[in-house]
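Comments concern the structure below.
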Amino acid sequence: MDPQAHIGLLSILPATLAIILAFITRNTVFSLAVACFVGVITLGNGLMGFPTLLKETLGTTSFSWILLLELFIGTVIAFFQRTGAIQNFTAWVERRALTRVRVQLIAWLMGMFVFFSDYFSPLFVGSTMRGLTDRYRVSREKLAYIADSTSAPVSVLVPITGWAVFISGLLIGMGPIETAGQAMGVFLNAIPFNLYAWLSVLMVGLVIIGIIPLFGPMRQAEKRAQEEGKVLRDGAEPLVGEELTEIPAYEGARTGLLLNFFAPVMIVIGVAVGTFIVMGSAKTMEAFLAAAVFLGVVMRLQGIPFNDIMKTAISGMKGVMPAIIILALAYSLNQLSKDMGTASYIVEISSGWLTPSLLPAMTFLIAALVAFSTGSSWGTFAIMMPLAVPLAFNFSGDVLTPLIYATVAAVAGGGVFGDHCSPLSDTSVLASTGAASDHIDHIKTQIPFALTVALFSLAAYLVVGLSL
């Protein structure tokens, strides 16, 4: 099928079915599997189309990368647990005269600190802060919201991340943009216009300190946690295996917070940021591999038996398997959406509304719909940038104007919003994993806040478009 072709209204059937079933059944794996099966049948690929889809989608470099990344992150977190590093970090933080609000603010600041990877950030914040937030009766849904809202929204605002490189790379060749330097300049100028990302991060802080009151399902979750001490609702299924959450600290090992916690974290940050500066691409997976190897060697030197270290590593890998299964099916559904032309259909039925004054607002709205339907912000960027930005240049006469910057930012923000709210999104899955939250509970409690920010952003883009 032509990449720009679609099969009409049926092209949105699998994604829509997955989202609806996820909310009805609260079982993301079942919902994604059914959606993929219905999709391949709709395409006429028969009963064998489903295993063929899985084989072709999961046998790719991109999925292999995220699979290895998740396995190495699971290993590092398991080592943190086995050495008592997270417990020691919790005790170290608790000595700082904490309150319930301060604990949440620490999680918020940690999420912004780990800006270089939207994959590591929610897992790191959730797994590191979970013990503290449980102790202060913060619901797992709230922790997942904090972790999720300080991952992709922060990564898309920082010019030294893979997000910046990817977005600026898509801009090369559009209008007067001829070099990577010029493209990065456009990205930098677009940062102030990325309203959804800015407001998402800000809203988390305002919700934590109480300036913006809790509402919707999040209010009920927090009331349950504070009044009943239940950080999870009855019947919830945390999106992380017990192998990872229930690893006890090894008794008698000479472990310490510096070597077993801070040093590995700095290795991850140092390798990721260093490779970005030197090579132009943050080697996140390699960073976690280095941290896992470092921790394994340190643990052996601290007296933990080799067999115990290997058993702990395997437990960590088992612990992230629920997330990996969902990501595998989400990747398959994303490929199916490409084959069916889901994004092309959404863009086509919306293209007639695009005028200069409405371009930023409509670009944000369409990008959000595409990202929500596919669960992929980067996929949305790849689809929407080549469509919206040349149109903006056409309106501006191939001149770099605020309309160009606002349009680029609208694509970026819309992609993050859709990715933020979709149960198919990888970052949302990882936020649920890190916080050990029920995944659908996380999505249900986060959507009202994300929608509020999105509506403010949409209104602001309308104002921006009319004033340009």
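Below, all heavy atoms of this structure are taken into account, side chains as well, without hydrogens, waters or symmetry copies.
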Where does the angle between the aromatic ring planes of Phe80 and Phe261 fall among parallel (under 30°), tilted (30 to 60°) and perpendicular (over 60°)?
-> tilted

Anything under 30° is parallel, anything over 60° is perpendicular, the rest tilted; go ahead and classify Phe37 against Phe50.
-> perpendicular

Within a strict 4.5 Å, meaning less than it, do heavy atoms of the [X] and [Y] side chains meet?
X: Gln302; Y: Leu259; answer: yes
X: Asp148; Y: Pro122; answer: no
X: Ile324; Y: Leu71; answer: yes
X: Val125; Y: Trp108; answer: no
X: Val154; Y: Val201; answer: yes
X: Lys142; Y: Val207; answer: yes

Kindly say whether [Y] contributes a backbone atom to a donor-acceptor pair with the side chain of [X] at under 3.5 angstrom?
X: Ser432; Y: Ser428; value: yes
X: Ser31; Y: Leu21; value: yes
X: Thr133; Y: Arg130; value: yes
X: Trp198; Y: Ile191; value: yes
X: Ser149; Y: Ile146; value: no
X: Arg300; Y: Pro305; value: no
X: Arg100; Y: Arg137; value: yes
X: Asn189; Y: Gly185; value: yes
X: Arg224; Y: Lys230; value: yes
X: His442; Y: Ala431; value: no

Which donor-acceptor pairs under 3.5 Å do the side chains of residues 208-220 make with protein atoms, sequence neighbours left out?
none

Reported [atom1]-to-[atom2] distance for the pair [X] and [Y], which is rounded to 0.5 angstrom:
X: Leu67; Y: Met321; atom1: CG; atom2: CE; answer: 7.5 Å
X: Leu455; Y: Leu199; atom1: CG; atom2: CG; answer: 11.5 Å
X: Leu295; Y: Ile77; atom1: CG; atom2: CD1; answer: 11.5 Å

Could Asp438 and Arg233 be called an ion pair, given the rule that one side-chain N must be under 4.0 Å from one carboxylate O?
-> yes

State whether Asp134 and Arg140 are salt-bridged, where the test is any N-O pair (Lys NZ or Arg NE/NH1/NH2 against Asp/Glu carboxylate O) under 4.0 Å.
-> yes

Flag if over 12 foreign heavy atoms under 6.0 Å of CZ, Phe262 = yes

At their closest point, which heavy atom of Ala107 faces which heavy atom of Leu143, and how far apart are they?
-> CB-CD1, 4.4 Å

Specify the closest pair of heavy atoms between Val268 and Ala287, including all atoms of both residues, with the distance to one decimal.
-> O-CB, 3.6 Å

Short side-chain donor-acceptor distance under 3.5 Å, Ser437 and Glu141 | no

Using the salt bridge (Lys or Arg N to Asp or Glu O under 4.0 Å) rule, collect all pairs that involve residues 197-212, keeping only residues at least two apart or in two chains.
-> none

